[in-house]
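Let me begin by presenting the structure, written as structure tokens, before commenting on it.
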Number of protein chains: 2
Amino acid sequence: MKGPDKRRVRRPPKPKRAARALRDKSRSAEVRAGPGTTRRERSAATREAILAAALDEFSARGFAAARLEDVARRAGVAKGTIYVHFRDKETLFEELVRSSLGPVVGLLRQVPADTLTARAFLERLTETFAREVLGTRRKDVLRLVLTEGPRFPQLAQVHYREIIQRALPMLRKGLEGAYARGELTSDALVRFPQLLVAPALVAIVWDALFARFEPLDGAALMRAQVDLIFGGAAR
Amino acid sequence: MKGPDKRRVRRPPKPKRAARALRDKSRSAEVRAGPGTTRRERSAATREAILAAALDEFSARGFAAARLEDVARRAGVAKGTIYVHFRDKETLFEELVRSSLGPVVGLLRQVPADTLTARAFLERLTETFAREVLGTRRKDVLRLVLTEGPRFPQLAQVHYREIIQRALPMLRKGLEGAYARGELTSDALVRFPQLLVAPALVAIVWDALFARFEPLDGAALMRAQVDLIFGGAAR
DNA sequence: ATAATATGACTGACTGGTCAGTCATATTTG
DNA sequence: CAAATATGACTGACCAGTCAGTCATATTAT
């Protein structure tokens, strides 16, 4: 579906194109991985650099408006290099999300439900989430999932399977016990475990829209929700 | 970067371009406003049709990826007509948001804080929000604000001024009284009135991402939060 | 060890296609 | 018929994705 021939025919001399660029150490793979590294390691470093740059650009412009050329420049790489590591723009986005958020659920599941009081359990979950997501670039990735997810059904489905379906039942299970034991005065949380994460999402959205007018402390917001859940009783 | 010249050269006569389209009553302004209407009314109807179509397209594709040509087709109008009513794509978006969400704050402020118990007050607010936003296309507009807002600082600022700054203090004021009277056992809500709306945002986001796997009733989620606030005591 | 050869990460000019916005023209209406 | 409204072909800019070519490094042969 194109003319892959013309080029070959009227090829002008155009002698050493990449020479200067490659001799310019400031953007070589060596800078990204350091000296004394194998090809494999450098390649991996380049890949990471592209992912980091993609997060920056996607966050700033949104997926559709982000320019791969800018991602490349920010990563210190040529545009074509992106295609050495990722099939296309959409795959780049999906890999970014997967590699960033994948490990979080495991962390949350390490919080033990049975050896803690309900309040301690929820506090630990809240704390972990605030530290591992709200306190890192992962909050930007999560924001991208919220804002771009609707246009990536594939991505939404993976998230439902890998994150929601693993986290919510775990949470609900811990809460059911607590409710049965009378540690919770309402079954609202058991019916809607989403309420525990709601403040985090508000914080993420608020931050993107209104931070410059009035900052909002996401961790504090989550703690306030836990207060609410336990009727304001001090710990 | 292509041949922008060829086209100009081989210009054929092309006599009456729009003739057929305009004679096709199925897409005339008359259809949109009905017969016996003034020019003003018809123009306004066209404008509304464009806004409605824009909401559909922006919701489905996102602002950047939505094509104005599709908006026009959906509105039963030619692309140029959009520019008769709106300066550019961005203005169209801003007008859409303003005209849709503008009236909501007024509705919420009509709920009286002082003649009701705290619980009734929050229930009325919740109910109103669920009915006027979650239950209408306004939820899609609000979703657009959440997802596209970060790239429209102008829009975010207007929202902060017109909505946040008018709604939150009103809410906080009602809550302070309730807390002083002992109707609330925690000051969490007074410090973070955002917690009341958090479930609504979760519902909106969830709906866009996961509705096909597991629907979530936004109104019920908001009621559950009110339950939580009042420690599960029945009304 | 050293030269010859192979590998594959990386480059960037280029292509096809897309789309916001324009404007000369056409139609309708008061 | 003048003003208001609407039309859609056209333009210019933009950008994802391609691919022939380069070069440092890795592998193999001598």
Side-chain angles (χ1 to χ4, degrees), chain A residues 1-25 27-30 32-33 37-47 50 63-73 75-92, chain B residues 1-8 10-12 14-25 27-30 32 37-40 42-47 50 63-73 75-92:
Chain A
M1 63 163 57
K2 43 122 53 98
D5 31 73
K6 298 268 188 51
R7 265 200 294 277
R8 204 165 11 236
V9 176
R10 73 113 167 71
R11 171 66 40 87
K14 193 212 312 155
K16 33 208 58 181
R17 240 190 304 126
R20 209 182 54 79
L22 276 193
R23 263 193 269 292
D24 174 3
K25 289 309 188 75
R27 49 180 317 213
S28 72
E30 192 172 333
R32 289 184 295 274
T37 50
T38 67
R39 216 133 99 166
R40 249 182 111 76
E41 288 167 327
R42 290 170 185 214
S43 176
T46 297
R47 196 189 137 93
I50 293 169
F63 175 83
R67 288 148 20 76
L68 250 26
E69 179 119 25
D70 290 342
V71 172
R73 186 178 318 123
V77 131
K79 185 147 80 119
T81 307
I82 293 176
Y83 290 87
V84 171
H85 293 272
F86 303 93
R87 181 149 32 81
D88 55 20
K89 195 183 184 189
E90 185 167 335
T91 304
L92 169 59
Chain B
M1 185 58 52
K2 37 147 36 135
D5 31 74
K6 300 267 187 50
R7 267 196 294 272
R8 202 170 11 237
R10 63 119 166 73
R11 168 75 41 86
K14 190 213 314 151
K16 34 207 55 180
R17 243 188 301 127
R20 208 183 53 81
L22 276 194
R23 264 193 270 291
D24 173 3
K25 289 307 186 81
R27 49 182 316 210
S28 72
E30 193 173 332
R32 288 186 293 274
T37 50
T38 67
R39 201 186 257 195
R40 246 182 114 74
R42 290 170 185 215
S43 178
T46 298
R47 195 189 138 94
I50 293 169
F63 175 82
R67 293 156 62 239
L68 250 25
E69 178 119 26
D70 290 343
V71 172
R73 185 178 319 124
V77 132
K79 188 154 77 132
T81 307
I82 292 176
Y83 289 87
V84 172
H85 293 271
F86 304 93
R87 181 150 31 83
D88 56 19
K89 195 183 183 187
E90 186 167 333
T91 304
L92 170 59

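Any value given below was found using the heavy atoms of this structure, including those in side chains, with hydrogens, waters and symmetry copies removed. Sequence lines set the chain letters: A, B, ... in the order given, protein chains first and strands last, and positions in each chain run from 1. Because the structure is a prediction, the values reported are computed rather than measured.
Taking atom CZ of residue A:R73 and atom C1' of nucleotide C:dG12, one finds them 13 Å apart after rounding to whole Å. Rounded to an integer number of Å, the gap from CD1 of B:I82 to P of C:dG21 is 10 Å. Rounded to an integer number of Å, the gap from B:R87 CZ to C:dT22 C1' is 15 Å. Regarding B:F86, its CZ atom lies at a distance of 16 Å from the P atom of C:dT22, rounded to whole Å. When the C1' atom of C:dA13 is taken as reference, atom CD of A:E69 falls 11 Å away, rounded to whole Å. As a whole-Å value, the separation of A:E41 CD from D:dA26 P is 10 Å. The CG-P distance, from A:D88 to D:dA16, rounds to 11 Å in whole Å. Here C:dC19 presents its P atom at 13 Å from OH of B:Y83, a figure rounded to the nearest Å.
Here A:K79 lies in heavy-atom contact (under 4.0 Å) with a base. Looking at heavy-atom distances under 4.0 Å, B:A66 makes contact with sugar-phosphate atoms alone, never a base.
Across B:L68 and B:I82, no two heavy atoms sit closer than the pair O-CD1, 3.5 Å. Of all non-hydrogen atoms in B:F86 and B:I50, the two that sit nearest each other are CE1-CG2, 3.7 Å. Of all the heavy atoms in B:A64 and A:A64, the pair that sits closest is CB-CB, 3.8 Å.
Distances from the side chain of A:T38 to the nucleotides C:dA9, D:dA26, D:dG17 place D:dA26 closest. Comparing D:dC15, D:dA16, C:dT29 against the side chain of A:R67 picks out D:dC15 as the nearest.
Overall, the helix from C:dA1-D:dT30 to C:dG30-D:dC1 carries an axis bend of 10° between its ends, with five pairs at each end and the value rounded to 10°.
Evaluation of the side-chain contact (heavy atoms from CB on, under 4.5 Å) rule for B:S43 yields B:H85 as partners, not counting sequence neighbours. In this structure, the ring pair (Phe, Tyr, Trp, His ring centres under 6.0 Å) partners of B:F63, at least two apart in sequence or on a different chain, are B:F58, B:F93, B:F152. By the side chain to side chain donor-acceptor pair (under 3.5 Å) test, A:R67 pairs with A:D70, sequence neighbours left out. Applying the side chain to side chain donor-acceptor pair (under 3.5 Å) test to A:R87 and every residue at least two apart in sequence or in another chain returns nothing.
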Taking only N/O atoms, report every protein-nucleotides 5-7 of chain C pair under 3.5 Å with atom names and distance.
unit_1 : atom_1 : unit_2 : atom_2 : d
C:dT7  : O2     : A:R39  : NH2    : 2.5

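Comparing B:T81 and A:K89, the nucleotide of DNA chain D nearest to each residue sits closer to the 5' end for B:T81. Residue whose closest nucleotide on DNA chain D sits further toward the 5' end, between A:R40 and A:L68: A:L68.
Distance alone, capped at 3.5 Å, places no donor-acceptor pair between the A:T81 side chain and the A:V77 backbone. Judged by distance alone, the side chain of B:K79 and the main-chain N or O of B:V71 form no donor-acceptor pair under 3.5 Å.
OP1 or OP2 of C:dC10 sits under 4.0 Å from a side-chain N or O of A:T46. Residue A:R42 has no polar side-chain atom (N or O) positioned under 4.0 Å from OP1 or OP2 of C:dG8. Between D:dT5 and B:H85, no contact under 4.0 Å exists linking OP1 or OP2 to a side-chain N or O.
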